[in-house]
S.K.: 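Here it is, the structure, as structure tokens.
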Amino acid sequence: MLAERSIVVVAADQGLRRSVAFALEVEGYSTESYDTVKKAEESSRGALCTILDDEILKSEPQPATQFLKSLGGRAILLADGLSALQAYVDNTVLTKPFTGPDLLGAINKLIEAAK
């Protein structure tokens with residue numbers, strides 16, 4: 001296992017949640033997946049990091065923004081590249097579509113920054 005703590009994936013789209021979780025599990029990470037911010041809050045507190053799809057920010061703007069702020073730098077926002085949401089988020093932004101190495105690179109940067 002590469003990480004002692006899990007990575008939380010938050011996305012309304014079930015296919016995206018499964019794809020991201022699968023890619024991470026293949027690399028040895030433990031994952032937990034949720035379709036809303038509210039469901040993910042508790043698990044995210046102790047997680048290595050949280051990956052949040054920008055569609056959640058669009059569907060739950062206030063709770064998702066507060067959620068991101070509470071995570072500090074331990075979040076990766078998956079953005080479509082056209083979203084104005086990127087401008088005010090102090091977290092890592094990964095533009096969709098992304099590759100597995102892109103995602104792993106973002107996670108590794110968070111891990112290095114936490115050391």
Side-chain angles (χ1 to χ4, degrees):
M1 184 75 51
L2 291 174
E4 293 178 15
R5 298 181 293 174
S6 65
I7 295 176
V8 174
V9 180
V10 186
D13 180 88
Q14 183 180 25
L16 179 60
R17 280 194 317 273
R18 285 183 177 175
S19 295
V20 171
F22 177 77
L24 294 171
E25 289 168 1
V26 164
E27 294 297 325
Y29 290 100
S30 170
T31 65
E32 294 180 44
S33 299
Y34 301 95
D35 61 351
T36 67
V37 167
K38 185 174 183 167
K39 292 177 184 175
E41 285 178 328
E42 187 173 333
S43 293
S44 290
R45 286 187 199 118
L48 178 64
C49 69
T50 297
I51 299 169
L52 185 76
D53 184 46
D54 70 344
E55 290 299 318
I56 293 287
L57 280 167
K58 294 172 187 174
S59 64
E60 304 178 60
Q62 185 133 13
T65 301
Q66 287 301 111
F67 180 63
L68 279 171
K69 286 180 183 177
S70 74
L71 291 172
R74 296 182 306 109
I76 297 171
L77 177 63
L78 305 178
D80 61 14
L82 304 173
S83 176
L85 301 169
Q86 302 177 41
Y88 66 88
V89 177
D90 292 329
N91 304 102
T92 302
V93 177
L94 190 58
T95 304
K96 298 182 274 187
F98 56 89
T99 65
D102 294 336
L103 180 59
L104 293 174
I107 292 167
N108 289 332
K109 283 181 184 177
L110 290 178
I111 293 170
E112 286 300 314
K115 288 184 178 178

S.K.: Roughly how far apart are R74 CZ and L68 CG, rounded to 0.5 Å?
M.R.: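 So the gap between those two atoms works out to 11.5 Å.
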
S.K.: Taking atom CG of L57 and atom CG of L77, what is their separation to the nearest 0.5 Å?
M.R.: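 Spacing of CG (L57) from CG (L77) equals 5.5 Å.
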
S.K.: Using the side chain to side chain donor-acceptor pair (under 3.5 Å) criterion, which residues pair with E112? Sequence neighbours excluded.
M.R.: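 So E112 forms a side chain to side chain donor-acceptor pair (under 3.5 Å) with K115.
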
S.K.: According to side chain to side chain contact (heavy atoms under 4.5 Å, CB included), who are the partners of T36, at least two apart in sequence or on a separate chain?
M.R.: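 In terms of side chain to side chain contact (heavy atoms under 4.5 Å, CB included), with neighbours along the sequence ignored, T36 is linked to K38, K39, E60.
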
S.K.: How close do I56 and D35 get, counting heavy atoms only, and between which atoms?
M.R.: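 Taking every non-hydrogen atom into account, CD1-O, 3.4 Å.
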
S.K.: Looking only at heavy atoms, which two atoms of D80 and T95 are closest? And how far apart?
M.R.: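 Residues D80 and T95, closest heavy atoms: C-CG2, 4.2 Å.
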
S.K.: Quick check: closest heavy atoms across E32 and S6, and the distance to 0.1 Å?
M.R.: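 So the minimum-distance heavy-atom pair works out to OE2-OG, 3.1 Å.
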
S.K.: Taking side chain to side chain contact (heavy atoms under 4.5 Å, CB included) as the definition, give me every residue that meets it alongside F22, ordered by chain and number, with sequence neighbours left out.
M.R.: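 Side chain to side chain contact (heavy atoms under 4.5 Å, CB included) check on F22 returns V26.
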
S.K.: Does S70 use its side chain to pair, donor to acceptor, with the backbone of F67 at less than 3.5 Å?
M.R.: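 Side chain of S70 to backbone of F67: a pair is present.
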
S.K.: Any side-chain hydrogen bond (donor to acceptor under 3.5 Å, both in side chains) involving residues 98-111? Give me the pairs, sequence neighbours left out, ordered by first then second residue.
M.R.: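 Those involving residues 98-111 are T99-D102.
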
S.K.: Can you sort out the partners of E25 under side chain to side chain contact (heavy atoms under 4.5 Å, CB included), two or more places apart, ordered by chain and number?
M.R.: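 So E25 forms a side chain to side chain contact (heavy atoms under 4.5 Å, CB included) with A21, T31.
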
S.K.: Between D54 and L78, is the side chain to side chain contact (heavy atoms under 4.5 Å, CB included) condition met? List the steps.
M.R.: CA-CA 6 Å; D54 70 344; L78 305 178; 5.8 Å; no

S.K.: Starting at CD of E41, measure out to CG of L71 and round the result to the nearest 0.5 Å.
M.R.: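 The CD atom of E41 sits 9.0 Å away from the CG atom of L71.
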
S.K.: Search all heavy atoms of V37 against all heavy atoms of V10 and return the closest pair with its distance.
M.R.: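 V37 and V10 have their closest heavy atoms at N-CG1, 4.1 Å.
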
S.K.: Do the side chains of L24 and L103 get nearer than 4.5 Å, heavy atoms only?
M.R.: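 Side-chain contact under 4.5 Å: yes.
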
S.K.: Mind listing the closest non-hydrogen atom pair of T50 and S44 along with its distance?
M.R.: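 It is OG1-OG, 3.0 Å.
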
S.K.: Tell me which pairs pass salt bridge (charged side-chain N to carboxylate O under 4.0 Å, His left out) where either residue lies in residues 10-22, with sequence neighbours left out.
M.R.: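 Of all non-adjacent pairs touching residues 10-22, none passes salt bridge (charged side-chain N to carboxylate O under 4.0 Å, His left out).
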
S.K.: Does the side chain of V8 come within less than 4.5 Å of Y34's, by heavy atoms?
M.R.: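 In contact.
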
S.K.: List for me each residue that meets side chain to side chain contact (heavy atoms under 4.5 Å, CB included) alongside L110, sequence neighbours excluded, and say none if there are none.
M.R.: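 Applying side chain to side chain contact (heavy atoms under 4.5 Å, CB included) to L110 gives C49, I76, T92.
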
